[in-house]
Amino acid sequence: MSLITSFPATTFMPIQATEIAKEVDLLYAFLLVSSLISFVILIGGMTWFLIKFKRTTDEQKSAYITHNNFAEFMWSFIPLIILLVIFYWGMVIFEKLRVPPTDVAAEIHVTAEQWAWTYKYANGKEFYSSGNDPLIVPAGKATKLVLTSKDVIHSFYVPAFRTKQDAVPGRYSQLWFQPTLPGEFIVFCTEYCGTKHSGMMIKIKALPAEEYAAWYHAEKKGADTPADKGKVLFAQKACASCHSIDGTKIVGPTMKGLYENKRKFVDGSEAKADENYLRESILVSSAKVVEGYPPAMPLFQGQLSDEEVEHLIEYIKTIK
Ligand code: CUA
């Protein structure tokens, strides 16, 4: 049951598998058509003038041409308006592409490495794919990917969704999409990452929502979730001796309701406690010291693996 056929490809473009893809293509078509019209007016007009106003007599050749204020204003002003429209239009689409909706149905951690991807689901399901296992997501619902890399920079590009995002070592980036219908869609790595860069291709498989739910809850291979592993680490690393999980103030700030919360720092700056903030604060807590607390936390850089940091963050995200 290949459903790819339910998305007709347009003349120039891959299939449009999200609503945003249609908007991106419309803007692209506008750019193409307005460029074509400008080209015809500009080059056509120039050619026509060359022929019509060719100077032949000596009198014509020595004539001095002054300027025309109105014409000069219009050929600057009209393109300015068109460019501003393109800018605003692009900005609106860009924002939709970058900001995930609040009701995300699936959050999947995607780790890139030379030359494969690993997907980790919130319930502990985990796949390593150098091309065969597809990344399974629900169709008709929003999926958010949290991307990072183990080695060099890679980039996760889904042509059918018209979206891409770099996977950078040492930090998290995010990408979201909502496939309109079930189907299989190709993912390319679009950042040159070594010998097998071009082979770093996988597929996203969007399943109907009920099928996805059944797949998601099916046999878990007894694995702990990343958050479960984080909870164990939280105890092992004695995090709890300084950070409460119930809102009580001990030595350091509580972990309760921390994720996505606004933090105020001793230097007066502010930041939202997203994945990157949590990562930095776990590894090098002195980078941003929360107002009202001493800079007492030891350095964990080099003490925790990327995976352990990820598990801790997933645990902290559950403490609400
Ligand atoms: Cu990974 Cu290119």
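Atoms within each ligand, like the ligands themselves, are counted from 1 in listed order. The first residue in the sequence is number 1, and the count goes up from there.
Looking at E191 and atom 2 (Cu) of ligand 1 together, the shortest N, O or S contact belongs to O. Counting just the N/O/S atoms of H197, the one with the shortest distance to atom 2 (Cu) of ligand 1 is named ND1.
Taking 2.8 Å as the criterion, Q114 does not count as a coordinating residue of atom 1 (Cu) of ligand 1, since none of its N, O or S atoms falls below it. At a threshold of 2.8 Å, atom 2 (Cu) of ligand 1 has a backbone or side-chain N, O or S atom of C189 nearer than that distance. H154 lies close to atom 1 (Cu) of ligand 1, since one of its N, O or S atoms is found at a distance under 2.8 Å.
Taking the six-membered ring where the residue is Trp, the centroids of F265 and Y277 are separated by under 6.0 Å. Annotation: W215 is in aromatic contact with Y121 [ring centroid separation under 6.0 Å].
Sorted by first then second residue, the salt bridge (Lys or Arg N to Asp or Glu O under 4.0 Å) pairs that include residues 279-290, not counting sequence neighbours, are R279-D306, E280-K288.
Ring pair F127/Y119 is tilted by interplanar angle, where 30° to 60° counts as tilted.
Seen from atom 1 (Cu) of ligand 1, atom SD of M200 and atom SG of C193 lie 110° apart in angle, a value rounded to 10°.
The pair K229-E307 does not count as a salt bridge, with every side-chain nitrogen at least 4.0 angstrom from each carboxylate oxygen.
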